[in-house]
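As structure tokens, the structure follows; a few thoughts come after it.
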Amino acid sequence: VLGYLGLDYIFANLHMHKVCAQVLSHNHHSIHFHQKLGFIQEGVFAKHLLRKKGYEDLVILALFSSRWKSVKKQLRGMWT
């Protein structure tokens with residue numbers, strides 16, 4: 001719900017055109033969370049971050065205000 005409310009505020013009140021997210025490739029829960037909110041994967045920065053076990057990819061996701069309008073209706077339908 002917090003993600004929904006945050007995105008709704010960003011698009012309705014701040015009139016943002018696009019929201020971007022960067023997620024470590026091993027964090028499948030976060031990637032799935034963003035996708036459920038309507039984010040689309042735009043790309044991957046391969047071997048972008050040096051971690052203890054070596055380099056890790058960074059997944060780039062984005063959500064446009066035009067897509068949010070349709071996703072918002074679907075998400076709201078899940079809670080009513």
Side-chain angles (χ1 to χ4, degrees):
V1 174
L2 185 60
Y4 173 91
L5 293 174
L7 288 170
D8 199 45
Y9 180 82
I10 288 168
F11 289 121
N13 296 80
L14 302 179
H15 308 289
M16 299 298 289
H17 171 67
K18 180 180 182 180
V19 175
C20 299
Q22 299 178 355
V23 181
L24 294 171
S25 61
H26 78 271
N27 194 343
H28 302 289
H29 291 292
S30 182
I31 293 169
H32 182 68
F33 169 76
H34 282 84
Q35 290 172 336
K36 282 182 74 172
L37 289 171
F39 282 77
I40 302 291
Q41 184 173 325
E42 288 195 323
V44 174
F45 291 145
K47 298 180 182 177
H48 191 69
L49 297 170
L50 180 58
R51 310 281 289 179
K52 289 181 181 179
K53 295 183 179 180
Y55 286 94
E56 186 167 356
D57 296 349
L58 192 63
V59 178
I60 310 303
L61 303 124
L63 176 60
F64 288 91
S65 59
S66 56
R67 178 166 166 76
W68 174 246
K69 292 174 186 176
S70 63
V71 171
K72 177 182 172 179
K73 291 177 187 176
Q74 293 172 354
L75 291 173
R76 196 176 346 163
M78 292 173 54
W79 297 317
T80 56

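Owing to the predicted nature of the structure, the values given are computational and were not obtained by experimental measurement. When a residue number appears, it is its place in the shown sequence, counting from 1.
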task = Would you indicate whether the side-chain heavy atoms of Ser25 and Glu56 approach each other to under 4.5 Å?
result = yes
task = May I ask you to test the Asp57-Lys47 pair for a side-chain heavy-atom distance under 4.5 Å?
result = yes
query = Hey, are the side chains of Phe39 and Val71 touching, using non-hydrogen atoms and a 4.5 Å cut-off?
reply = no
message = Checking one residue: Leu24. Which other hydrophobic residues are in its cluster under the side-chain 4.5 Å linking rule?
response = Phe45, Leu49, Leu58, Ile60
note = Applying ring pair (Phe, Tyr, Trp, His ring centres under 6.0 Å) to His28 and not counting sequence neighbours gives none
ask   = Under the salt bridge (charged side-chain N to carboxylate O under 4.0 Å, His left out) test, which residues partner Lys36, sequence neighbours left out?
value = none
key: Rounded distance [0.5 Å steps], CG in Leu14 versus CG in Asp8   = 11.0 Å
request  = Please name all residues satisfying ring pair (Phe, Tyr, Trp, His ring centres under 6.0 Å) with His17, sequence neighbours left out, ordered by chain then number.
outcome  = Phe64
message = Would Glu42 and Lys18 count as a side chain to side chain contact (heavy atoms under 4.5 Å, CB included) here? Give the steps.
response = CA-CA 12 Å; Glu42 288 195 323; Lys18 180 180 182 180; 3.3 Å; yes
query = Between Ser30 and His34, what is the shortest heavy-atom contact and its length?
reply = O-ND1, 2.8 Å
ask   = Any idea which heavy atoms bring Leu37 and Trp68 closest together, and the distance?
value = O-CZ3, 3.7 Å
request  = Please answer: with hydrophobic residues joined when any side-chain heavy atoms are less than 4.5 Å apart, are Ile40 and Phe11 in the same cluster?
outcome  = no
query = Side-chain heavy atoms under 4.5 angstrom apart, residues restricted to Ile, Leu, Val, Met, Phe, Trp, Tyr: same cluster for Val44 and Tyr55?
reply = no
ask   = Who pairs with Asn27 by side-chain hydrogen bond (donor to acceptor under 3.5 Å, both in side chains), at least two apart in sequence or on another chain?
value = none
key: Contacts of type side chain to side chain contact (heavy atoms under 4.5 Å, CB included), residue Ile31, not counting sequence neighbours   = Val23, Gln35, Val59
